Structures are given as C-alpha cells and as structure tokens.
Amino acid sequence: MPPGQRHPTMADVAERAGVSTSTVSRTLRGLSTVSPEVRARVEQAARELDFAVSRHAASLVTGRTRNVAVLVPTLSSWFMGTALSGLARVLRAAGMELTVYVIPDMAERTAFFEHLPARRNADALLVFSFDLTEEETARLDDLAMPVVYVSQHVDGRPSVYVDDVAGALHGTRHLLNLGHRRIAYVRTEGACGFSFSSQERLVGYRQALAEAGLPLDDDLVVATPAGDKRGAAEAVGRLLGLRKPPTAVFAEQDEVAVAVIWTLRATRIEVPGHMSVVGFDDQPVAQWFELTTVAQSPSRIGREAGELALSLIDDPDTNRERHLVLPTHVIPRTTTAPPPGPRSDPQPPPDRRKSGRLDEGPA
C-alpha cells in the first residue's frame, strides 16, 4: 500500500457493494443467510479494494481461529506423513490452517496435557495414533472444541480408522488358502503410538487361524523393534530354530516384512519358494520388493478425518459418536506361493542289469 494511504475498512466494502456493514460481516464470515447475488457483490468489492479480514479480528467476531490442531507421537513414520498430507489438503481447501503438536517423550506429554495449548489456538483437535490414558482422554473431553481420534477407535468419541482386524484376517486367509498351516506373526515393539493397530492386527491373525481350526502356537508370534534390521534377524532366527519352523510369515508392517525377507534371502532361504511373506500397509517399499501386502490408504484417512472435523466445527451437536471405518484389501505380489512340498531323496538310476538289457547295448 502506498505511503499515507489508509487500509480499506469494512465500511468501504459495504459502500462499494451497496450493502450494510453487517451484511459484509456476515458474508465474510461465510454465513448462509447471505444470498448468492449479494455474496458475489461483496466479494467482488473486497477484491477491488484489496480488503482482507485479519485472522485475529475474525476470531473475535466468530469465536473461531480457522485453525485445526493435530496431536501426534511422531512425524518419522510413512503413515503419519501421508495422513497429514491428506488432511492438509482438505483444510487448505476450506481456508483452514494446521498446527501440529509432536509429543515424543513423557516430559513434553506432561506439559501438553497440563497446559492444553490447543484450547486457545484451534477450532478442533485431531489425535493421531496416540496411546492415551483414561485421564488424558478425559482431559481432552473437557476441551471446548471437537476432538476426533484418527487411526484408533475410542468409544463415544468420533473416530476414523481402518478395520485392522479384518485386514489381518484377510492377509492370513490368503496364506491359508495357498495351503500354509504353520504361519508365524512378527509384531513390532517399542513403536511410538500405533498400539491400537498392533493389537487389532494380532487379533485378526489369530481369528483366521481359529477359523481354519488351527491351534494357536505362541512360539510362532515373535516381536522385533520397529525399523531394526538386527531385531528382525533375531526374530527370524527364533522362528527358524523351532522344531517345526513356519512356512509363511505375516508381518505387522511392510517395513518389518522387508527386513524379514532380507534376512531370509541372506540365509539362502528362498522367498516365496521356501517361505512366503505378507506385510501390512502397502508402503512404496512394498512395490519395490514385490511384497504381498494388506493395503490401507493413510491419505484417505487424513482426508476423511479432516472432513469430519470440519463438519463438527460447523455443527458441534452432530456426529458426536460417529465412527468411520475404512476398508483394507490384499494385494497379491511375488512374495507368496503355496508351501514347499515334502522333501524326497533323489532316486538312484535304474539298474539296467535287472532289466535284462545289460548286453543289449544302446537302444
């Protein structure tokens, strides 16, 4: 703006559009009581005057910050980054901003729940894959804003998540349908957040075995630290050391599945010739390894969570207990095949003398 020229006001916009100042206010606040024709005139006048309502002033009028807060345990996972990207696109289209609170350790966690900074800075809070105590959940219930739980189910609160039980059930069934009966499960331990998904996927694996009439063998369930290649090698070593090793492995995450495949191939165990492997997620690495996996879409999870949050901001009394459960599906690739058949010792060549052809010479 040139020196000495004052900023345009709401009254200036009203005069140019030929409406009252209150009509300009209602229009710029997005209220539905303004007709489309009047809205177009006001918006055109605002553009011509280069008029913009400050966020602080708008929040004083509407009681809204035009900001959504997100609580996450980490930003380092593929799932979290992809889901937040999907969420950001929805919020950006709605003219909303995004604030992310990363709570990686107990000290920051205690500080967050003590002060609850999101109370003053957001219109809604999305809790992503966060293992909350009952006290922490109750603390969030006291916030004067909608709270949406993402990638986890919380009774009585709006949630968006995939059906991890069904996903693991179908992934294990895929192996069962190929003929496998000794199927191991490799789970993660020590991961930040994600315990809801971890528990549900183990339930689905066990449910599939029970359906097939197979006993649950605790020796076939092993754990490895997330993203730890040595830990994955130790887990595979425990499985191979069993009196009756498995012929297939279901891994809780694609990253774990890839580490399992790397270990097996390093020990000259063919995948899928001698051991089949299934993952969960359909991360980009799954395509590079041609990994059979149970696919989910974190981008869609983020988008759906954003849409739900926006609907609750507009009408806090609706959808308070809405649970949106998204599907998964198995993508067969080259890491699964029927189990190897029983070994047979090579047979010696036929004794030609017993056939009576010893002196007959070549046929």
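If you're wondering where the values come from, they're calculated on a predicted model, not measured in any experiment. Values reported hereafter were calculated over all heavy atoms of this structure, with side chains retained and with hydrogens, waters and symmetry mates removed.
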What I want to find out is whether [X] reaches [Y] closely enough, with some N-O distance under 4.0 Å, to be called a salt bridge.
X: Glu304; Y: Arg300; result: yes
X: Glu37; Y: Arg41; result: yes
X: Glu270; Y: Arg265; result: no
X: Arg109; Y: Glu136; result: yes

Nearest 0.5 Å please: distance from the [atom1] atom of [X] over to the [atom2] atom of [Y].
X: His274; Y: Arg268; atom1: NE2; atom2: CZ; answer: 13.5 Å
X: Leu175; Y: Arg182; atom1: CG; atom2: CZ; answer: 14.0 Å
X: Thr334; Y: Leu291; atom1: OG1; atom2: CG; answer: 8.5 Å
X: Leu91; Y: Arg66; atom1: CG; atom2: CZ; answer: 10.0 Å
X: Leu220; Y: Tyr205; atom1: CG; atom2: OH; answer: 5.0 Å
X: Thr137; Y: Phe130; atom1: OG1; atom2: CZ; answer: 10.5 Å

Practice prompt. Evaluate side-chain contact (heavy atoms from CB on, under 4.5 Å) for Leu87 paired with Leu126, printing each intermediate quantity in order.
Written response: CA-CA 10 Å; Leu87 169 65; Leu126 279 68; 3.8 Å; yes
May I ask you to decide if [Y]'s main-chain N or O and [X]'s side chain share a donor-acceptor pair within less than 3.5 Å?
X: Ser159; Y: Arg157; value: yes
X: Thr293; Y: Ala295; value: no
X: Arg47; Y: Val42; value: no

Under 3.5 Å, side-chain donor or acceptor atoms of residues 233-247 against the rest of the protein: list the pairs with distances, not counting sequence neighbours.
{"residue": "Glu234", "atom": "OE2", "partner": "Arg230", "partner atom": "NE", "Å": "3.3"}
{"residue": "Arg238", "atom": "NH2", "partner": "Ala223", "partner atom": "O", "Å": "2.9"}
{"residue": "Thr247", "atom": "OG1", "partner": "His180", "partner atom": "ND1", "Å": "2.7"}

Hydrogens and angles aside, do [X] and [Y] bring a side-chain donor and acceptor to less than 3.5 Å of each other?
X: Ser299; Y: Ser297; value: no
X: Thr82; Y: Ser85; value: no
X: Glu252; Y: Ser198; value: yes

Locate the shortest heavy-atom distance separating [X] from [Y]; write the atom from each residue and the value.
X: Val256; Y: Ala251; answer: CG1-CB, 4.0 Å
X: Pro225; Y: Gly231; answer: CD-CA, 4.1 Å
X: Ile261; Y: Phe289; answer: CG2-CD2, 4.4 Å
X: Thr74; Y: Met80; answer: O-CG, 3.2 Å
X: Ser197; Y: Ser151; answer: OG-OG, 3.9 Å
X: Ala305; Y: Val150; answer: CB-CG2, 3.7 Å

Worksheet entry | Audit row: Leu176, Leu214, side-chain contact (heavy atoms from CB on, under 4.5 Å) steps and yes/no | CA-CA 10 Å; Leu176 290 167; Leu214 298 175; 3.6 Å; yes
Practice prompt. Could you list who else is in Trp262's hydrophobic cluster, with ILVMFWY side chains joined at under 4.5 Å, directly or through other members?
Written response: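 Cluster partners of Trp262: none, it stands alone.
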Worksheet item: Would you find more than 12 non-hydrogen atoms of other residues, nucleotides or ligands less than 6.0 Å from Glu290 atom CD?
Response: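 Yes, the 6.0 Å shell around CD holds more than 12 heavy atoms from other groups.
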Practice prompt. Report the C-alpha separation of Tyr149 and Leu140 in whole Å, then their side-chain angles, then the decisive distance to 0.1 Å, and conclude whether the side-chain contact (heavy atoms from CB on, under 4.5 Å) test is met.
Written response: CA-CA 11 Å; Tyr149 292 87; Leu140 296 182; 3.8 Å; yes
Discussion item. Please say yes or no: joined through hydrophobic side-chain contacts below 4.5 Å, possibly via intermediate residues, are Leu98 and Phe79 part of one cluster?
Written reply: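 Yes, Leu98 and Phe79 fall within the same hydrophobic cluster.
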Discussion item. Taking salt bridge (Lys or Arg N to Asp or Glu O under 4.0 Å) as the cut-off, I'd like each qualifying pair that reaches into residues 158-171, sequence neighbours left out, listed once.
Written reply: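 Applying salt bridge (Lys or Arg N to Asp or Glu O under 4.0 Å) to every pair that reaches into residues 158-171, excluding sequence neighbours, yields Asp164-Arg201.
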Item to complete: Give the C-alpha distance, both sets of side-chain angles, the deciding distance and a yes or no for salt bridge (Lys or Arg N to Asp or Glu O under 4.0 Å) between Glu211 and Arg173.
Response: CA-CA 9 Å; Glu211 278 186 0; Arg173 276 182 185 164; 2.9 Å; yes
Discussion item. Run the ring pair (Phe, Tyr, Trp, His ring centres under 6.0 Å) test against Phe113 and tell me which residues pass, sequence neighbours left out.
Written reply: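 For Phe113, no residue satisfies ring pair (Phe, Tyr, Trp, His ring centres under 6.0 Å) once neighbours in sequence are set aside.
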Worksheet item: Taking only residues two or more places apart in sequence, or in another chain, which ones meet His153 in a ring pair (Phe, Tyr, Trp, His ring centres under 6.0 Å)?
Response: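 For His153, the residues satisfying ring pair (Phe, Tyr, Trp, His ring centres under 6.0 Å) (neighbours in sequence not counted) are Tyr161, His323.
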Item to complete: Evaluate the criterion side-chain contact (heavy atoms from CB on, under 4.5 Å) for residue pair Leu264 and Val277; output intermediate values, then yes/no.
Response: CA-CA 10 Å; Leu264 291 171; Val277 180; 4.0 Å; yes
Discussion item. Is there a side-chain hydrogen bond (donor to acceptor under 3.5 Å, both in side chains) between Thr336 and Thr292? Walk through the geometry before answering.
Written reply: CA-CA 7 Å; Thr336 50; Thr292 296; 2.9 Å; yes
Donor-acceptor pairs under 3.5 Å, side chain of residues 279-288 to any protein atom, not counting sequence neighbours: which ones?
{"residue": "Asp281", "atom": "OD1", "partner": "Gln296", "partner atom": "NE2", "Å": "2.7"}
{"residue": "Asp281", "atom": "OD2", "partner": "Gln283", "partner atom": "NE2", "Å": "3.2"}
{"residue": "Asp282", "atom": "OD1", "partner": "Arg333", "partner atom": "NH1", "Å": "3.2"}
{"residue": "Asp282", "atom": "OD1", "partner": "Arg333", "partner atom": "NH2", "Å": "3.0"}

